[in-house]
Amino acid sequence: MTMTSSAREEFPLPGLDDVRAAAGRIDGIALRTPLVPSPPLSDETGRSVLLKLETLQPIGAFKLRGAANAVARLPAEHAARGVTCASTGNHGRAVAYAARRQGVPAIVCMSELVPDYKVRAIETLGAEARILGRSQDDAQKEVDRLVAEEGLAEVPPFDHFDVVAGQGTIALEMLADAPQLDSILVPLSGGGLIGGIALAAKALKPEIRIVGISMERGAAMQASLAAGRPVEVEELPTLADSLGGGIGLANRYTFPLVRDLVDQVILLDEPQIARGMRWLFDEEGLVVEGGGAVGVSALLDGLVEAPGESVGVVVSGRNVGRRQFLDAIGY
Ligand SMILES: *Cc1c(COP(=O)(O)O)cnc(C)c1O
């Protein structure tokens, strides 16, 4: 096979119409979450700060949007055989829930390093949890086998047209509720969340600023942006465990979206992540996982360049173990 066309033509990026279509497909499965004012954060920062509470999704994280859209778009033969994914938790929960709601069998593959409560959550949602190996790579090998030998369809966590379009529905809701937003702060790992938000938000409002926040410990997207191509980084334990993992050396969608549309990327150390979690608990009564709190952390520490008057913060998930949460908030 000759590769005469560019990779870009082979893998066109989703656009605003794809995000709008996704919103219709996921309606009734994923929640249209509230965008609530935060008086304490507004007071602290001197800006009008609004929190997009993806913590309220049925599985406790935004990933349901992308998974529900991808499952809805499956060809009939895949829908009959089932879906699979390799996940450190939130994506697995999302695929399990989205599949069950749409009558599709699901096998979620994960490594032994994933905490027990996350494994149980996936089983409770009606999927088979298949645990193998000590790394995401081992889990991914089983996914590849299920796809090749048993004909299941993989729903990847971020680098997928329908997943990115699904996550972008967050931006449609935020700008419908608060057209005045000057910037949106978004937790960043593989870039499905920020990629979808950035493409939809900038299509609706080109001057809006989109800021990504990752942890210092294993920020694969930031390292890839610096290198000008997807690169691997060492994976290290972090409070923001839902932000761990690489972006994929064969990345098709999220690397170009983040490179072209994201205005600033901020990296946080562990105490900064903990501070955001503590603040959300103390001031807002919200239990938020490390990866979900980083937007608030970045804002509190004054790290966002030119946030403007009106700032939207995506609070992306609430799935944290009790011990880890209590340690983080200092009990
Ligand atoms: C997956 C996840 C993210 C990061 O999303 P990407 O699309 O990988 O960038 C942020 N917060 C939570 C809670 C997540 O589960």
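When a ligand or atom number is given, it counts from 1 through the structure's own listing order.
- Within a 6.0 Å sphere centred on CD of E232, heavy atoms belonging to other residues, nucleotides or ligands number 12 at most.
- No side-chain N or O of Q167 forms a donor-acceptor pair with one of E54 less than 3.5 Å apart.
- Atom 8 (O) of ligand 1 has G190 N, 2.9 Å as its closest protein atom, hydrogens excluded (heavy atom only).
- Neither the backbone nor the side chain of M221 comes within contact range of ligand 1; no heavy atom lies under 4.0 Å.
- In terms of modelled atom types and a separation under 3.5 Å, the side chain of Q57 and the main chain of L31 share a donor-acceptor contact.
- Counting the atoms of ligand 1 from 1 in the order shown, those under 4.0 Å from a heavy atom of L193 are 5 (O), 6 (P), 7 (O).
- Among the candidates V294, L188, I213, the single residue satisfying the side chain to side chain contact (heavy atoms under 4.5 Å, CB included) test with L243 is V294.
- In this structure, the protein non-hydrogen atom closest to atom 13 (C) of ligand 1 is S316 OG, 3.3 Å.
- For atom 14 (C) of ligand 1, the closest non-hydrogen atom of the protein is K63 NZ, 2.9 Å.
- Short contacts between ligand 1 and G317, defined as distances under 4.0 Å to a heavy atom of the residue, involve ligand atoms 13 (C).
- For ligand 1, the atoms closer than 4.0 angstrom to any heavy atom of G191 are 6 (P), 7 (O), 8 (O), 9 (O).
- Remark: ligand 1 atoms within the under-4.0 Å shell around heavy atoms of P187 are 10 (C).
- A salt bridge is defined here as a Lys NZ or Arg NE, NH1 or NH2 lying under 4.0 Å from an Asp or Glu carboxylate O, and E234 with R217 fails to meet this definition.
- The pair K141-D137 does not meet the salt-bridge criterion, since no charged nitrogen lies less than 4.0 angstrom from a carboxylate oxygen.
- The main-chain N or O of G312 is never found under 3.5 Å from a side-chain atom of K52 such that the two would form a donor-acceptor pair.
- Atoms of ligand 1 lying under 4.0 Å from any heavy atom of G192, numbered from 1 in the order shown and given with element: 6 (P), 7 (O), 9 (O).
- With a 4.0 Å heavy-atom cut-off, ligand 1 is reached by no atom of Q167.
- If you chain together hydrophobic residues whose side chains sit under 4.5 Å apart, V163 and V258 never meet in one group.
- Among all non-hydrogen protein atoms, the one lying nearest atom 5 (O) of ligand 1 is F62 CZ, 3.4 Å.
- For N319, no heavy-atom contact with ligand 1 is shorter than 4.0 Å.
- Atoms of ligand 1 found under 4.0 Å from any heavy atom of E289 (numbered from 1 in listed order, with element): 13 (C).
- The pair R120-E123 fails the salt-bridge criterion, with no side-chain N (NZ, NE, NH1 or NH2) lying under 4.0 Å from an Asp/Glu carboxylate O.
- Minimum interatomic distance between A293 and I273 (heavy atoms only, all atoms of both residues): CB-O, 4.5 Å.
- In terms of polar-atom proximity, I194 is not counted as a contact of ligand 1, lacking any N or O under 3.5 Å from an N or O of the ligand.
- Between the H160 side chain and the G192 main chain, no donor and acceptor come within less than 3.5 Å of each other.
- Ligand 1 has no N or O atom lying under 3.5 Å from any N or O atom of L188, backbone or side chain.
- When each atom of ligand 1 is checked for a heavy atom of N90 under 4.0 Å away, the hits are 13 (C), 14 (C), 15 (O).
- Backbone and side-chain nitrogen or oxygen atoms of G292 are examined, and none is located within less than 3.5 angstrom of a nitrogen or oxygen of ligand 1.
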